[in-house]
Amino acid sequence: MSSQKTSWPEVVGWPATQAVTQINSDRPDVAIEVIPDGTNVAPGYNALRVRVYFDAGNASGPVVYTPVVG
């Protein structure tokens with residue numbers, strides 16, 4: 001299991017839709033949540049979740065933080 005990818009620093013700056021496609025390709029077992037930066041989310045760790053934060057004020061919706069499992 002340790003060989004499974006758990007973070008995607010390479011997608012920072014990508015449009016969120018492309019980031020989701022890449023993460024889903026690498027880890028089809030995780031649920032991906034696409035969230036506008038600054039949105040309050042429930043705390044807690046989920047080993048089968050990846051949150052992708054994007055800049056909602058930018059037309060291309062670029063990813064602003066490295067998406068990670070949790």
Side-chain angles (χ1 to χ4, degrees):
M1 284 278 185
S2 61
S3 63
Q4 286 187 314
K5 193 160 183 170
T6 58
S7 68
W8 289 263
E10 69 275 15
V11 306
V12 173
W14 291 18
T17 52
Q18 288 180 12
V20 167
T21 300
Q22 180 63 52
I23 295 165
N24 195 43
S25 173
D26 293 335
R27 288 290 305 272
D29 60 311
V30 299
I32 303 167
E33 297 179 4
V34 181
I35 304 168
D37 186 32
T39 301
N40 289 325
V41 294
Y45 180 85
N46 181 338
L48 295 178
R49 176 183 64 210
V50 175
R51 287 176 169 160
V52 175
Y53 291 92
F54 70 98
D55 180 355
N58 183 312
S60 66
V63 176
V64 292
Y65 305 114
T66 298
V68 296
V69 169

Return yes if some donor-acceptor pair links the side-chain N/O of Arg27 with the main-chain N/O of Gln4 below 3.5 Å, else return no. no

What heavy-atom pair brings Pro62 and Gly13 nearest, and what distance separates the two atoms? CB-O, 3.7 Å

Taking atom OG1 of Thr17 and atom CZ of Phe54, what is their separation to the nearest 0.5 Å? 10.0 Å

Closest heavy-atom contact between Asp26 and Glu10? OD2-OE2, 4.5 Å

With hydrophobic residues grouped by side-chain heavy-atom distances under 4.5 Å, do Val34 and Val50 end up in a single group? yes

Specify the closest pair of heavy atoms between Val52 and Ile23, including all atoms of both residues, with the distance to one decimal. CG2-CD1, 3.7 Å

In Å, rounded to the nearest 0.5 Å, how long is the span from CD of Glu33 to CG of Asn46? 8.0 Å

Heavy-atom pair with the smallest gap, counting every atom of Ala47 and Val69: O-CG1, 3.1 Å

Could you give the distance from CD1 (Ile32) to CG (Leu48), rounded to the nearest 0.5 Å? 12.0 Å

Is there a side-chain contact between Val63 and Trp8 in this structure, where contact means two heavy atoms from C-beta onward sitting under 4.5 Å apart? no

Does the side chain of Tyr53 reach to within under 4.5 Å of the side chain of Val12, using non-hydrogen atoms? no

How close do Arg51 and Val41 get, heavy atom to heavy atom, and via which atoms? NH1-CG2, 3.2 Å

